[in-house]
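What follows is a single structure, written as structure tokens, with notes after it.
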Amino acid sequence: MLRRHLLLAAAAFIFFLFFLRRSAGDSPVAISCRSFCGNITVDYPLGLRRGCGHPAFRDLLFCVNGALMLLLPSGTYLARAIDYPYNALTLHDAAMATCATAGIGGAGGFVVEPWRAPFLSPSPDTAFLLLGCRGVRRHLPCGDVAGMGCDSYRRCPAWEAAQPCCAVSYPTVGAVNLTQLDCEGYSGAYSLAPVRPGPAAEWSYGIRVSYSVPAEHDESCRRCEASGGACGHEPAPPWGRLCLCGARNSTSSCDSGERKP
Ligand SMILES: *[C@@H]1O[C@H](CO)[C@@H](O)[C@H](O)[C@H]1NC(C)=O
Ligand SMILES: *[C@@H]1O[C@H](CO)[C@@H](O)[C@H](O)[C@H]1NC(C)=O
Ligand SMILES: *[C@@H]1O[C@H](CO)[C@@H](O)[C@H](O)[C@H]1NC(C)=O
């Protein structure tokens with residue numbers, strides 16, 4: 001009698017294990033576009049892998065030996081941090097000057113591709129200090145930006161006495177193209193309000209860049225992720241937005257019938 005019970009229990013247990021395995025295998029595995037570079041997490045709307053993230057940020061970020069790099073027509077920048085709650089990236093340009101260093105030369109400034117510009121732009125609290133500008137090709141709106149300006153910067157150890165200096169914010173100049181502006185170099189510093197920046201030696205050097213995508217794109221991405229997909233885009237023109245569902249891609253969500261081959 002006891003033997004029969006034991007056999008039944010064992011059979012039930014094996015059946016249970018079999019069923020557990022099966023159901024686990026059948027449930028859709030959530031696809032993810034999340035990547036890591038060094039200790040930085042890259043996630044929507046940004047992307048590291050081909051076809052991942054919003055198409056506005058394609059061919060932008062690269063991971064080189066554990067360093068996250070951001071590539072623009074004006075140069076390559078080191079992305080030191082991504083602040084997802086504030087939709088911002090903190091960049092550093094090895095070619096730019098800081099209070100302590102004169103820069104390595106060959107700085108290009110900061111120029112975003114016109115098609116990408118609506119989605120990626122230095123924040124208004126980033127001061128660009130244009131250095132050694134010769135011909136005044138056009139009237140530059142020089143003045144302190146977020147409490148940072150040339151008066152304080154001129155007290156820096158790396159300052160070259162005769163060099164002209166003009167502090168501008170990105171929105172007032174549109175693009176910081178050092179060739180076009182006829183400047184020798186630049187320095188960038190950002191201030192995280194509401195903290196007032198102190199003397200130039202204590203500023204945070206770098207460029208704070210804001211990224212954004214239309215709200216309805218964020219919404220459709222949330223629907224895609226809720227269905228177990230990852231938000232991506234076509235790997236070639238016209239770079240349409242896609243919900244990546246693993247074996248197939250969809251234009252909306254992994255639950256919907258709309259498919260894209
Ligand atoms: C990431 O690593 C760098 C140095 O490797 C360190 O300075 C930074 O604080 C780290 N950031 C985080 C968020 O852990
Ligand atoms: C889905 O889209 C991704 C990203 O564009 C692409 O790499 C992949 O080949 C597509 N998968 C299918 C099954 O078409
Ligand atoms: C900067 O301006 C120069 C001269 O107008 C132009 O040739 C160059 O392509 C521009 N650089 C960038 C990165 O847009």
Side-chain angles (χ1 to χ4, degrees), residues 28-35 42-63 69-77 91 93-96 103 105-122 126 128 130-140 166 168 170-186 188 207 209 213 217 220-221 223-225 227-261:
V29 180
I31 307 296
S32 176
C33 264
R34 184 174 297 150
S35 312
V42 179
D43 209 346
Y44 181 86
L46 308 170
L48 259 185
R49 276 176 281 146
R50 192 175 134 89
C52 275
H54 193 280
F57 308 110
R58 66 186 151 84
D59 302 326
L60 180 71
L61 292 170
F62 300 88
C63 192
M69 308 305 291
L70 186 139
L71 187 70
L72 288 178
S74 52
T76 307
Y77 307 81
L91 306 180
D93 181 357
M96 84 180 192
F110 200 88
V111 182
V112 181
E113 299 95 329
W115 66 266
R116 207 197 297 275
F119 310 100
L120 189 77
S121 175
T126 291
F128 286 92
L130 307 174
L131 307 173
C133 305
R134 284 169 298 263
V136 184
R137 292 260 172 100
R138 58 180 168 139
H139 185 70
L140 284 170
C166 168
V168 294
Y170 196 83
T172 62
V173 287
V176 179
N177 180 334
L178 294 186
T179 313
Q180 202 168 51
L181 297 168
D182 206 5
C183 302
E184 268 164 30
Y186 81 106
I207 303 162
V209 181
V213 297
H217 293 189
S220 74
C221 177
R223 272 199 301 280
C224 164
E225 284 176 346
S227 72
C231 307
H233 56 266
E234 291 167 345
W239 315 104
R241 286 181 300 122
L242 290 177
C243 186
L244 314 182
C245 306
R248 65 184 182 89
N249 292 329
S250 156
T251 51
S252 49
S253 88
C254 299
D255 300 327
S256 90
E258 274 177 87
R259 292 175 189 205
K260 273 244 159 174

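All values below come from the heavy atoms of this structure, side chains included, with hydrogens, waters and symmetry mates left out. One-based numbering, in listed order, for ligands and for the atoms of each.
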Sequence neighbours excluded and cut-off under 3.5 Å, please list the side-chain donor-acceptor pairs for residues 54-63, or say none.
from : atom 1 : to   : atom 2 : distance (Å)
H54  : ND1    : A56  : N      : 3.0
H54  : NE2    : H217 : ND1    : 2.8
R58  : NE     : P55  : O      : 3.4

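Between H233 and ligand 2, an N or O atom pair is found at a separation short of 3.5 Å. For ligand 3, none of its N or O atoms has an N or O atom of S74 under 3.5 Å away.
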Q: Under the side chain to side chain contact (heavy atoms under 4.5 Å, CB included) rule, what do I207 and F128 come out as? Steps first, then yes or no, please.
A: CA-CA 8 Å; I207 303 162; F128 286 92; 3.9 Å; yes
Q: Verify disulfide bond (SG atoms under 2.5 Å apart) between C224 and C231, making sure each step is shown before the conclusion.
A: CA-CA 7 Å; C224 164; C231 307; 4.1 Å; no
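There is a protein heavy atom closer than 4.0 angstrom to atom 14 (O) of ligand 3. Within a 4.0 Å radius of atom 7 (O) of ligand 3, the protein has no heavy atom.
By the side chain to side chain contact (heavy atoms under 4.5 Å, CB included) test, R34 is found to be paired with S32, F36, T41, D43, residues two or more places apart in sequence or in another chain being considered.
Contact record, C133 with L130: SG-CB, 3.6 Å, taken as the closest heavy-atom pair.
Residue-ligand proximity, P235 to ligand 2, at heavy-atom distances under 4.0 Å covers atoms 5 (O). Taking a cut-off of under 4.0 Å to the non-hydrogen atoms of G51, the atoms of ligand 2 that pass are 4 (C), 5 (O). Residue N249 has at least one heavy-atom neighbour below 4.0 Å for each of these atoms of ligand 2: 1 (C), 2 (O), 3 (C), 8 (C), 10 (C), 11 (N), 12 (C), 14 (O). Using a 4.0 Å cut-off to heavy atoms of V111, the atoms of ligand 3 that qualify are 13 (C), 14 (O). Numbered from 1 in the order shown, with element, the atoms of ligand 2 that lie under 4.0 Å from a heavy atom of L244 read 1 (C), 2 (O), 3 (C), 4 (C). Those atoms of ligand 3 that come under 4.0 Å of a heavy atom in P73, given as number and element, are 13 (C).
Checked against the 6.0 Å centroid threshold, F110 and Y186 do not count as a close aromatic pair.
Within the 4.5 Å cutoff, the side chain of L120 has heavy atoms near those of the L72 side chain.
Looking at R241 and S220, their side chains do bring a donor and an acceptor atom within 3.5 Å of each other.
SG atoms of C254 and C245 are separated by less than 2.5 angstrom, consistent with a disulfide link.
When hydrogens are left out, the protein atom nearest atom 9 (O) of ligand 3 is N177 ND2, 4.8 Å; that is the closest non-hydrogen contact. When only non-hydrogen protein atoms are considered, atom 5 (O) of ligand 3 lies nearest to Q180 NE2, 3.5 Å.
The proximity of A247 to ligand 2, defined as any non-hydrogen pair under 4.0 Å, is limited to the backbone.
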